[in-house]
Amino acid sequence: MKNSTLLKSTKEDFRFEEVTVNELLLGYQEGAFTVQEVVESFLNRIEQFGDTYNAFTFMNPNALEEAKEMDRLREEGKTLGPLAGIPIVIKEAVDVAGYPSTFGWAPLSKGSGGIELMPAKDALVTTRLKEAGAIILGKTNIPAFSCAYNANNSWNGPTYNAVNRELSPGGSSSGTAMSVSGNFAVLGVAEETAGSIQVPAAAQSLVGIKPSFGLIPSTGVTPLAGSTRDVLGPHARTVQDAAIMLNVMAGYSEEDVKTEAAKGNIPEAGYPAFLDATSLKGKRVGLYGPGWRTEELSKETQELYALAIEELEKQGAEVITDPFAGTGFAEYMESKNGFIGMETFFHDLEKYFKNLNPELSIKSVFEKAGEVPWAEGGPLRLVSDIINAETASADPNVLPDLKEFDKVKAELLHIINTVMEQHELDGFVFPQMPEAIPSLQVEIVKSTTISEINISGLPLITVPAGYYENGSPFALAFFGKMWSEPSLIGMAYAYEQATKHRVAPILIK
């Protein structure tokens with residue numbers, strides 16, 4: 001049988017453990033296996049381990065039929081998309097027609113005694129993935145309103161970390177990260193306002209791409225700060241797979257005005273064209289230091305980061321220690337609210353409801369639900385700490401004054417771009433977190449790049465970079481100027497290929 005190396009038994013007797021997009025596409029082309037066989041294999045694995053990890057909110061009952069149809073089209077010689085037959089998962093916050101939109105919150109979950117919001121159409125990114133031929137296995141668990149670094153307060157209960165069930169899975173894309181890291185799917189749609197792509201990727205030894213703001217349309221996605229910060233991006237087990245998925249997700253849509261900025265900023269050759277294992281050679285990269293943040297790294301993080309820096313230098317990169325020293329960047333950020341930009345929450349939420357159904361509104365939905373999430377003790381209490389929720393929700397059609405947000409964003413970009421120019425930097429490489437991933441019960445998972453990256457809108461790629469002594473994953477964050485995804489993909493790929501730090505988790509029942 002061709003490609004038999006993909007089909008060998010593992011400790012978990014799973015034929016496609018750690019399989020990549022290109023390995024599957026080649027196997028389909030050569031007749032080594034069918035889409036039906038692959039999808040059945042993934043569904044069997046989910047059935048075997050799914051209850052232990054609770055990654056899904058809804059499964060696609062038609063996945064096998066869609067797989068059979070893909071096989072039929074291939075047999076007929078039809079032209080297929082770049083993800084034809086690739087099993088993927090989609091974050092609960094992203095609309096898929098025919099699946100309830102629950103926000104991860106019990107009052108909006110019919111199965112938990114709440115009301116039901118049923119999208120009649122897909123989110124724009126869902127449409128792109130379907131048109132590319134991806135097979136959606138299901139939707140993945142999130143915390144209520146995507147507003148936590150785990151999924152403990154989801155109506156569906158907590159999701160567990162594929163690497164270690166005792167550790168936080170990271171959030172809010174908890175279920176997507178678990179599904180991809182645990183080999184329940186090949187790719188996953190994640191989404192971020194304040195670290196929700198980066199943190200779960202780091203926590204579960206994955207590659208995550210937090211793209212430039214405006215690169216990927218977010219129409220049809222439940223918002224926290226849709227007008228200012230929200231982005232969608234891929235979770236994958238390799239940089240190559242993440243680049244392939246980004247290629248499908250990215251691009252302008254007339255249905256999402258912010259993607260106007262993406263025009264002319266997407267490489268004609270596509271993101272996978274920048275997968276070059278020599279990409280670090282000659283690059284100048286800035287390192288984490290007190291000029292960026294005054295918070296110190298834990299001793300073990302310092303040791304792991306030092307090893308990563310050695311590898312960067314081995315690959316030909318030149319490192320610049322604390323390039324933000326003397327810029328006032330850390331002090332400036334400390335003086336600002338890290339959640340600035342969420343002033344648009346009610347405006348963005350009203351737009352989301354109208355897109356879902358023109359007859360819906362914030363007032364009608366939450367009156368029917370019987371409570372509001374921004375009340376004392378609610379999952380969105382922080383919204384009321386930033387803005388006057390009563391005033392904002394009274395007239396959500398009016399976009400709030402964003403002068404302060406725009407001012408802060410402009411200043412962050414000015415300092416970062418100036419530092420890059422003065423030191424002739426190609427980007428930055430930071431430890432993704434200052435300490436090991438905490439236990440599942442801990443609400444906050446620290447990172448070195450939130451909220452600086454989210455407010456500024458810059459792209460960032462999370463890459464596995466080792467493990468702490470307790471087995472918690474360690475990760476690097478590669479980031480740079482707006483629209484620098486091609487360069488970041490190249491550098492991240494070069495580091496990944498030289499180190500191969502990811503280890504497939506061994507799941508338990």
Heavy-atom distance under 4.5 Å between the side chains of Pro100 and Lys110, does that happen here? no
Are a donor atom and an acceptor atom from the side chains of Glu350 and Ser361 found within less than 3.5 Å of each other? no
Give a yes or no on whether a salt bridge exists between Lys336 and Glu404, defined as a side-chain N under 4.0 angstrom from a carboxylate O. yes
Between atom CH2 of Trp105 and atom OG of Ser154, what is the distance when rounded to the nearest 0.5 Å? 13.0 Å
Quick one: which of Ile209, Val21, Val189 gives a side-chain contact (heavy atoms from CB on, under 4.5 Å) with Met245? Val189
Testing the 3.5 Å rule here: is there a donor-acceptor pair between the side chains of Thr301 and Tyr468? yes
N-O pairing of Lys91 and Glu191 below 4.0 Å: yes
Counting distance only, does the side-chain N/O of Arg229 pair as donor-acceptor with the main-chain N or O of Ser451 below 3.5 Å? no
Do Asp230 and Thr193 have a side chain donor and acceptor closer than 3.5 Å? yes
Heavy-atom closest pair, residues Tyr271 and Asn247: N-OD1, 2.9 Å
For the atom pair CD (Glu435) and CD (Glu296), what is the distance rounded to the nearest 0.5 Å? 12.5 Å
How close do Phe339 and Asn337 get, counting heavy atoms only, and between which atoms? N-OD1, 2.7 Å
Do Ser168 and Asn161 make a side-chain contact, defined as non-hydrogen atoms from C-beta onward lying under 4.5 Å apart? no
